[in-house]
Amino acid sequence: MTINKSIQLNARNITSDEYFYGHKACGGCGESLALRLALKVLGEEAYLSLPAGCMAAVSFIYPNMAFKNNAIITPFASTAAVATGVAAGLKALHKDHLSVAFAGDGGTADIGIQALSGAIDRGEKFIYICTDNEAYMNTGIQKSGLTPFGASTTTTPAGKVIRGNIKPKKNMFEIVAAHGIKYAATASVGYLEDFMNKVQKAKEADGPAYIHVFSPCPTGWGHESDQTIALAKEVVDNGLWYLAEYENGRFRLNKKPDLSNDVRPYLKGQARFRHLKDEDIENIEALRGEKWAQMLAEWQ
Amino acid sequence: MTINKSIQLNARNITSDEYFYGHKACGGCGESLALRLALKVLGEEAYLSLPAGCMAAVSFIYPNMAFKNNAIITPFASTAAVATGVAAGLKALHKDHLSVAFAGDGGTADIGIQALSGAIDRGEKFIYICTDNEAYMNTGIQKSGLTPFGASTTTTPAGKVIRGNIKPKKNMFEIVAAHGIKYAATASVGYLEDFMNKVQKAKEADGPAYIHVFSPCPTGWGHESDQTIALAKEVVDNGLWYLAEYENGRFRLNKKPDLSNDVRPYLKGQARFRHLKDEDIENIEALRGEKWAQMLAEWQ
Amino acid sequence: MFEIRWHGRGGQGSFTGAKLLGVAASIYDEKFAQAFPSFGPERRGAPVLGFNRISNEKITDRSELTKCDYIVFLDDTLFDESVLSDLKNEDALILINTQRVFSHKNIRGIDATKIALEILGIPISNTVMLGYLARYAKEAVRYQACMDAIRASMKPSIAEKNIEAFKCAYEQGGL
Amino acid sequence: MFEIRWHGRGGQGSFTGAKLLGVAASIYDEKFAQAFPSFGPERRGAPVLGFNRISNEKITDRSELTKCDYIVFLDDTLFDESVLSDLKNEDALILINTQRVFSHKNIRGIDATKIALEILGIPISNTVMLGYLARYAKEAVRYQACMDAIRASMKPSIAEKNIEAFKCAYEQGGL
Amino acid sequence: MKNFKRVPVPTLTSLSDYPLGSSCKSFHITDQNSGWRVFMPVIHLDQCVSCYRCYLVCPEGAIHQNEDQKFEIDYDYCKGCGICANECKIKAISMVKEEK
Amino acid sequence: MKNFKRVPVPTLTSLSDYPLGSSCKSFHITDQNSGWRVFMPVIHLDQCVSCYRCYLVCPEGAIHQNEDQKFEIDYDYCKGCGICANECKIKAISMVKEEK
Amino acid sequence: MSRNAFLNGDEAVAYGVKRSRPNVVAAYPITPQTITVEKISSFVQNGELDCEYMHVESEHSAMACSIGASSVGARTFTATSSQGLLYMAECLPYASGARLPIVMMNANRALATPWNIYGDQMDVMFLLNSGWVQIFVEDAQEALDMTIQSFKIAEHESVMAPVMINLDGFVLTHTYEKVNIPSQEAVDQFLPTFLGAHHMMNDEMPMSMCISAGNQHNMEFKIKQHRDLLRALEIIETIDSEFESQFGRGYGGALEGYKHEDAEVILVTTGSVTGTARVVVDRLRAEGKRVGLVKLRVVRPFPVEKLMELVKNAKTIGIVDKNISFGYEGTLYTNVNSAFVQSGIKKETYNFIGGIGGRDITKDDIHEMYENLQLASAGEQIDAVTYYNVRCTL
Amino acid sequence: MSRNAFLNGDEAVAYGVKRSRPNVVAAYPITPQTITVEKISSFVQNGELDCEYMHVESEHSAMACSIGASSVGARTFTATSSQGLLYMAECLPYASGARLPIVMMNANRALATPWNIYGDQMDVMFLLNSGWVQIFVEDAQEALDMTIQSFKIAEHESVMAPVMINLDGFVLTHTYEKVNIPSQEAVDQFLPTFLGAHHMMNDEMPMSMCISAGNQHNMEFKIKQHRDLLRALEIIETIDSEFESQFGRGYGGALEGYKHEDAEVILVTTGSVTGTARVVVDRLRAEGKRVGLVKLRVVRPFPVEKLMELVKNAKTIGIVDKNISFGYEGTLYTNVNSAFVQSGIKKETYNFIGGIGGRDITKDDIHEMYENLQLASAGEQIDAVTYYNVRCTL
Ligand SMILES: Cc1ncc(C[n+]2csc(CCOP(=O)(O)OP(=O)(O)O)c2C)c(N)n1
Ligand SMILES: Cc1ncc(C[n+]2csc(CCOP(=O)(O)OP(=O)(O)O)c2C)c(N)n1
Ligand code: SF4
Ligand code: SF4
Ligand code: SF4
Ligand code: SF4
Ligand code: SF4
Ligand code: SF4
Ligand SMILES: [Mg+2]
Ligand SMILES: [Mg+2]
């Protein structure tokens, strides 16, 4: 249970070229960092598909195009469909390039899950990277299926009767794994080498691959823009997020956090959790406990 | 590992009333039997939602309405959405009735999976029953995500280059379970008491429940109409289908088949498998072996 | 313009009969032909219809076909006297696969199932009924064209038997 | 008709300033007002605009606002001399939150951030700039209406401080 | 089904005879399906042991217990699929060719 | 980015100057983002130990190693988020108020 | 007691919804509709509105959930825009065929591709055949008032059809102005609790809904729906009058004329551009020009007769379209032209297309439209279709 | 060598597709389109057609996959109908805005609710604003030929737009007739391999596609698309002529007149009903009646000028619509009427709505339409819109 070391990409041996530049994301945006580094692993020959969402919105504003790669914005619901269409087209034309999709949590777990499920099921090679900032950010911080329990969003505000979001996060990683996908992993921009190496494994997988990367959003979460990496690390260290892989039909945990870590420092740094009462925080800790109990029991 | 005996519904103690009658399904249709018996468990107060598919097509042909219950045909992609809309409407109007969805394999695993995923995620009580006849039957036997490996359908015909469907069935039951649903189960019209009792458990579940019932289709599979029950039993006995439950976050197998059983008698009775070569059949047996290895390892 | 209606059950091959007739008239003869099934959500076992139009000129009419020159029944349980009113004229005929004897002047019967069982070994009587129809509808379709159509449309393994069945009905008008 | 444009950065509250002005004029005064933001996919940190129209008659105009009576800058790094051409007439003014000194006859500066920091304890200068605007745009909006608007729109805990900040700019035109 | 009554086909002479929307009363059955049958099941009551199996497995719900506790077939809706005959363990049901 | 060149804003005087469809050449960057910054990062090269961390974590890719192997910031695209400064373990980067 | 508030169009709709006391709201976020659903969520989370709020996973499901809820008799609201509207397209004739009185706000926005979040009316014009009542509003007050009216129209037993309220994206949805929020009591009086209808699922007489009807019957179902929608025009007028007598604000029903009676040339507009045109009309009238305006408030059912009545004295008519039917012309133009032909009235009509993808329609543009209409009236040849404010040569 | 076969419309399209050698086919089944995709699958599984066949999970994805494939320069085909067409609605202007030359067969079928699998044209008429070239065919041969032509139209560098080929459900899709299948060599000559285009993703100059364009630019993108689609009319005519000279079968381009030159009354039709109308025209001509027919083959771009040319000698025009825009009238009627107004030509036009939900349009119906048109010509008052074959009173 250690961070995978089989392939060793790091800041020094990845390409110094940039394939994602000049975009209009907010300063300190976690998603944009995930894209930037993923592309350094994937290379400029990869064909990219991105649905509506922050990353598309900040990167294709005519006449400013932030990707060096071939890239296409997809209808919001059809990231994986367009990406596999691209893959099929390239295959039919005998062009040996990788088709890679990047989508947000809403675009993945909600409106895009059907296209993703179908694409995995078809079994053709492509990579899908979900950048999870835990809400619909591009439209102004609405609740998605991956918004965590307790978070205040604009559609689950901290109200007098209902205090923020009352549903836990969807188990997107496990849902994908249940499709019997070739390779799937979770990651965090707090652990960037781990993330890059997982992208590399996805690249080498013999079929569809999925990576779910936790990506803080200063604007949507209400934290200082310089805290993005720190929060993304802390959330792994306190067990509210986990690093894991699914390969050859088996799950593997990459890192075991100290579950006695207090979750408060993590929550306190973010406006979206500021309203939480002690009982809410206890609930969050309880959910964490349940999740880890299940993972530790089943994923060894 | 025995068929669940906690609740004991059987032919003698279910209601003798019929709530599904005079429909235009083919003689010997497995799906229609599943519906008929499920309704005897659910009762006539349940509100039903059915998408396009054989069951809707044969039951709502003006002026012939085969359901005694309140019932609505839904757009093909939105069974679970309509059903949860019905549930929300009933709740808002303070009417305490169950909302139940019945959909085919295509309507569930392909075009309807997004609505289903969203509905489970919202966590409100409703029951979703997938009647799996392993293809799009209403439109004339096209491959769905639940068509098994090797089956010839009209979009995966037994051709000179490609012999039938080359993809295994989607793991629909596990995908649903990965959502952390309250109750999920697989069943077969070959084991009707088991099915009815699972419907009863779904009814009692405190949140969304899902049942996936294997339902032979004489027309689409090319078997004699009187073999429907026999095949649905045989497929469980030879391990090509399985009876299982997911409850409180845990899987449970209800029946362990004899995996040394030859799959040929089952396949031979069906025109859709008639073209299979020995190597294809070996492949089917290998897939069966893998699946059971996984289930036996993880679901005990 | 000849207009023909076929009655059968989902699964009995009545529409295949209509298609064979169309192929014969339009591909293996100089005529023009349409063949179309009854449209609808019919399931296996439910009564279904098939239709033909055959003409010396190009057929552009796409409306439903109501009055017929010939009505063919692949199964006598589907027959009902009321269809007599769908006949186009005095000479129009109803052709039924039956063991029964009909005395109406516009009705002809043949035990096509028996022929099919004898020659083909299965109770699929569409090619027999095609032969029976061709026996009467000589202006609509030629004998040879029908045989060519069967040969071209069926797997060689079964084509010859079907031609034999066809011939039997065509030539003997039954046994 | 008074037309006003606010310049700020995503997150600085420039549009809140425009909204307060609109509330003051149309709810706490007898005037009619519109307030609308610049429309677009701007992210936090990017320059954004806010607009007001204020009139004695009902405002139905929905077109873009180009020439202004007042242009307010919440951050002097956003200011650029070229905006002078957007002023409607000789009397039109540009009001800037700045420590710098501008000598142009149509430009007035105030160190709003300093006032905000002193009175509110945070560098959010929109109510200060509203006060500074109200000081000049007396025909567009009344002093009392602005205070009512702030009181009604903000949480009591911060409303009074903001009124103080507003007053400071309104009365002293800076410190 | 026991004591089941079909409803008459509605007379539709004006648009107001048509339902509003795309709705119709539930369990509004105007048709029968007996025409679908090629073979018909016949229960030999002398052999029948009232095991309920045929009643359970009929996809049409066309078998029911009548007032005398005997199993009976509603031939208006039986499609002749043969499942009951096949599933009756003691072969108390036989399939016979339908006559017109 | 090292040696990065912006392209000029296209002149669009007739419809034929517009791209076909909704396409545009990739990496067609006409804008800069320096106006977004309120604070700017300054690398103190004397302290820097070339650990690559700031380069790795910058969401803008605005930090690169120049010809002299020194880490350098492309101020045209740095948005001043402060991540680099925060992540530099030895605090070799400081954030200073942007002046116009 | 009614009260005044400074609201944008989206918020105004949200208050209209709150006052209408829906049982179920199901919606999916999309710019520029989001403020409406955010506001409604906050009403719910604050306990100010007692309804089932469904966080759905897509617009197709937003409409499908609405169909489900409405089909058991729940008063149901949803809101969308642009891509979302098209994503739920399949469900729109579905709901109207089922005669479900769902009310939906649509924030008019451009369609991809290229992507664009600004306001034009391509989205709704795409969907005119959907069987929904299509209402366009001009300002935030009308948005609030029509939200309330819409429920009453939709649920009227002779209408029983879904209603879409169209608000121009940003220029209406995001522009704040003073809005009067009527009191709950007054609205309750105007819009009583919805009690369901016989064709909906219910416990007394279970219903089968959204059934199929073969070629024997389908046409009659569809003609009935069409007939009733045509007849709804009258009810829309009546409800607007009732609203006016209770709240003192009326909108002229399906169409409102402005200085049209003696106008020689008339511009036909929908939505927010009407307001800008009013300014231009006033100016031109001040100069003595006989120009007028007709605001098309209801585009389905299409008010042929009333339109003919309002423009009857004019010689030349201009139709402003914030949409293009690619390969033809503006869709309102097509619709209005047909009204003339079928009424047997010959007028010269001209199409002014503008505002695509959020492009401003300026007062100068409208001024020019009027000038062109006057030239045409005077016998000069002008193009049938003109594109305004295109920033380069064709 | 070409050969004759007895095919239904769906199969004819499948053969047209096979001959066009697509690189990618992505489709989802729906009655009455299924036969086409089944046939194509069998070509693929038998090794007769070398293409990537994608078994997608929905129509939205069918079109999205097509967009993906086409955007890298692959020749792409898909097919759908009715509910499926509406389910992918969002992707249609998406593809056309991106100028992707996708070809799609649409089996025209009624829209739910009530559900109905029969043929009418409500589905395509719902989508006329989508930026697709809309072609309607009359028989199986035309279906096959137009499939081949469609790829050539779509991929023409000045058109570069997706094309939809509409076949009336069942009456065309399921009706068998003799069809000539041209040889592969001949088709290869007519339709060369598609080599992609500069605006598509490629290795030489990477492209960003389906980008966003704000209010500064969006309108120009859209106007360019619109302008090019209008100009495509001419190319459609040319390609049809080229096809005719190579294969001996031409269809008259966007419109085909039948005995129209000296006709006093003309019926305008689309699709299969044209064939039935031909029979009636012949009969009436035999009786000496001056009746004619105009078959509208291309509805987008809308061929205003050519239509005016073909009907110019007629006094009264009838438009047959197999669709209703609820709350207005038949959509073709609306479109044709506008063409008259913008051309400044005054004719009396009448709308004949029939065939909804698969209701037969009989020869007697058409006979009656002609009779009514003649009455109208003679000055009698007839209704602007008449519904044919409604089996009960309104
Ligand atoms: C069909 C459709 N519905 C809604 C939208 C509006 N929309 C665009 S981006 C977005 C939110 C994206 O959220 P997520 O996928 O989490 O990405 P993020 O912006 O957070 O990176 C929404 C709701 C759309 N573009 N298309
Ligand atoms: C959006 C949409 N796409 C396609 C269809 C066509 N369609 C109706 S039923 C059906 C197949 C249903 O298959 P399944 O869900 O497996 O149910 P079954 O008929 O096998 O019981 C299809 C493809 C449709 N009605 N709507
Ligand atoms: S809103 Fe969040 S995800 Fe979107 S660009 Fe800003 S920081 Fe990134
Ligand atoms: S096709 Fe199959 S599933 Fe459909 S009604 Fe017939 S037997 Fe049942
Ligand atoms: S299955 Fe046989 S024994 Fe059992 S009740 Fe039926 S007929 Fe009688
Ligand atoms: S034959 Fe089939 S339908 Fe008839 S009673 Fe037996 S099981 Fe039921
Ligand atoms: S993080 Fe600090 S030490 Fe490391 S390279 Fe950057 S400036 Fe130098
Ligand atoms: S401040 Fe942010 S954007 Fe600027 S160089 Fe540092 S990490 Fe990059
Ligand atoms: Mg997100
Ligand atoms: Mg199925």
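Everything numeric in this text was worked out from a predicted model, so none of it was measured. Here is the naming used below: chain letters follow the sequence lines, and residue numbers restart at 1 for every chain.
Remark: C:K58 does not engage H:E177 in a salt bridge, criterion side-chain N to carboxylate O under 4.0 Å.
Shortest non-hydrogen contact noted between C:S63 and H:D360 is CA-OD1, 3.4 Å. Annotation for C:K19 and H:F6: closest pair O-CE2, 3.7 Å, computed over non-hydrogen atoms.
Separating the CG atom in H:N8 from the CZ atom in C:F36 is a distance of 12.5 Å, to the nearest 0.5 Å.
Contact of the H:T274 side chain with the C:R62 side chain is not registered, since no non-hydrogen atoms from C-beta on lie closer than 4.5 Å. No side-chain heavy atom of H:D139 sits under 4.5 Å from any side-chain heavy atom of C:T60.
For a residue to count as touching a neighbouring chain, one of its non-hydrogen atoms must lie under 4.5 Å from one of that chain's; by this rule H:A5 touches chain C with the backbone only. C:F15 touches chain H through its side chain: at least one heavy atom from C-beta onward sits under 4.5 Å away, while N, CA, C and O do not.
With a 6.0 Å radius and a threshold of 12 heavy atoms from other residues, nucleotides or ligands, C:E139 has its CD atom at or below the threshold. No more than 12 heavy atoms of other residues, nucleotides or ligands sit less than 6.0 Å from atom CD of C:Q99. For NZ of H:K289, the number of neighbouring non-hydrogen atoms (other residues, nucleotides, ligands) closer than 6.0 Å is greater than 12. Within a 6.0 Å sphere centred on NZ of C:K105, heavy atoms belonging to other residues, nucleotides or ligands number more than 12. Within 6.0 Å of CD on C:E90 lie no more than 12 heavy atoms contributed by other residues, nucleotides or ligands.
Looking only at heavy-atom pairs under 4.5 Å with chain H, the residue among C:A35, C:A149, C:S26 that has the most is C:A35.
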